[in-house]
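Position 1 is the first residue of the sequence, and the numbers go up from there. Keep in mind it's a predicted model, so treat the numbers as computed, not measured.
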Amino acid sequence: GALKPRRTQAYELPRKVTLRYPDIDKAHQQGAQFYQRASAPMLNRVVESQGETNLDTALVMRASEAKTVAKRQLLVRWQEREVYEGLAAPQRYMALTPADVITLGLQDGLSTVRLRLLQTELGADFSVRLTGVVEDQTLVQASATGFGGTGYQAPALPGIYAVVPQVYDLPLLRDVD
């Protein structure tokens, strides 16, 4: 049969992804950056998506790095909304594992689709059943410019203290004292 994906409904996907992270430019205080899809109907036909996803990380980064991560997370979730399930492959593909990337030729003989495998199953007859999502290499190159704010002032560190050595003239103590 024809290769048809199962598509996740748009309202199940996030419209906005927020990433909270330790900000290196704010002495590791918590920062937050978000990226969201356009909601104006003339800019984007997907307006029914209202969900928000919040991600927390302990990775220290700058505002632009965090915004880039948020953007990539949002774009990847929308890209992966099409899941190809139940792809049958012969025994020679047993070595495939989840996270492998494969290219499938479509029935028209001209088109291909690049999939990242989510699941592989081995049947009783050693046939392989694959489940995967569309893989888009260009999403790895997506970037965004974040704004870290302007009001932060690092706490003032105390000045250098003078060390004054002092020698005390104390009597020696004995065990009986």
Any chance you could measure Gln91, atom CD, to Phe126, atom CZ, to the nearest 0.5 Å?
6.5 Å
Quick check for you: to the nearest 0.5 Å, what is the distance between Leu115 atom CG and Leu104 atom CG?
4.5 Å
Do Val76 and Leu118 share a hydrophobic cluster, counting only Ile, Leu, Val, Met, Phe, Trp and Tyr and linking them when any side-chain heavy atoms are less than 4.5 Å apart?
no
When you measure from the side chain of Gln33 to the backbone N and O of Phe147, does any donor-acceptor pair fall under 3.5 Å?
yes
Check whether the side chains of Tyr168 and Gln166 place a donor and an acceptor atom closer than 3.5 Å, and report yes or no.
yes
Do Thr131 and Glu85 make a side-chain contact, defined as non-hydrogen atoms from C-beta onward lying under 4.5 Å apart?
yes
Donor-acceptor under 3.5 Å (Arg20 side chain, Ala32 main chain)
no
Is it possible for you to say whether Leu117 and Tyr93 belong to one hydrophobic cluster, with membership spreading through side-chain heavy-atom contacts below 4.5 Å?
yes
Rounded to the nearest 0.5 Å, how far apart are CD of Glu135 and OG1 of Thr103?
10.0 Å
Mind checking what makes salt bridge (charged side-chain N to carboxylate O under 4.0 Å, His left out) contact with Arg77, not counting sequence neighbours?
none
Is the side chain of Trp78 donor-acceptor paired with the backbone N or O of Arg15 at a distance under 3.5 Å, no angle test?
no
Flag side-chain contact, heavy atom, 4.5 Å: Gln73 against Thr53:
no
Taking side chain to side chain donor-acceptor pair (under 3.5 Å) as the cut-off, I'd like each qualifying pair that reaches into residues 57-70, sequence neighbours left out, listed once.
Asp25-Arg62
Which atom names give the shortest non-hydrogen contact between Arg72 and Ala142, and what distance separates them?
NE-O, 2.8 Å
When clusters are formed by joining ILVMFWY residues with side-chain heavy atoms under 4.5 Å apart, either directly or through shared neighbours, do Val113 and Val133 land in the same one?
no
Looking at Arg114 and Val101, would you say the former's side chain and the latter's main chain have a donor-acceptor pair under 3.5 Å?
no
Tell me whether the count of non-hydrogen atoms from other residues, nucleotides or ligands lying under 6.0 Å of CG in Asp125 goes above 12.
yes
Over all heavy atoms of both residues, which pair between Ala58 and Pro22 is shortest? Give the atoms and the distance, please.
O-CG, 3.7 Å
Does Tyr21 reach the side chain of Leu55, with side-chain heavy atoms less than 4.5 Å apart?
no
Evaluation steps, side-chain contact (heavy atoms from CB on, under 4.5 Å), between Val128 and Leu96:
CA-CA 9 Å; Val128 180; Leu96 291 174; 5.6 Å; no
Say whether Leu59 and Tyr35 are linked into one hydrophobic cluster, either directly or through other cluster members, by side-chain heavy-atom distances under 4.5 angstrom.
yes
Looking at CG of Leu87 and CZ of Arg129, how far apart are the two atoms once the value is rounded to the nearest 0.5 Å?
8.0 Å
Are Val134 and Tyr84 close enough, and set up right, to give a side-chain contact (heavy atoms from CB on, under 4.5 Å), and what steps lead you there?
CA-CA 8 Å; Val134 174; Tyr84 291 85; 3.7 Å; yes
When clusters are formed by joining ILVMFWY residues with side-chain heavy atoms under 4.5 Å apart, either directly or through shared neighbours, do Val17 and Val69 land in the same one?
yes
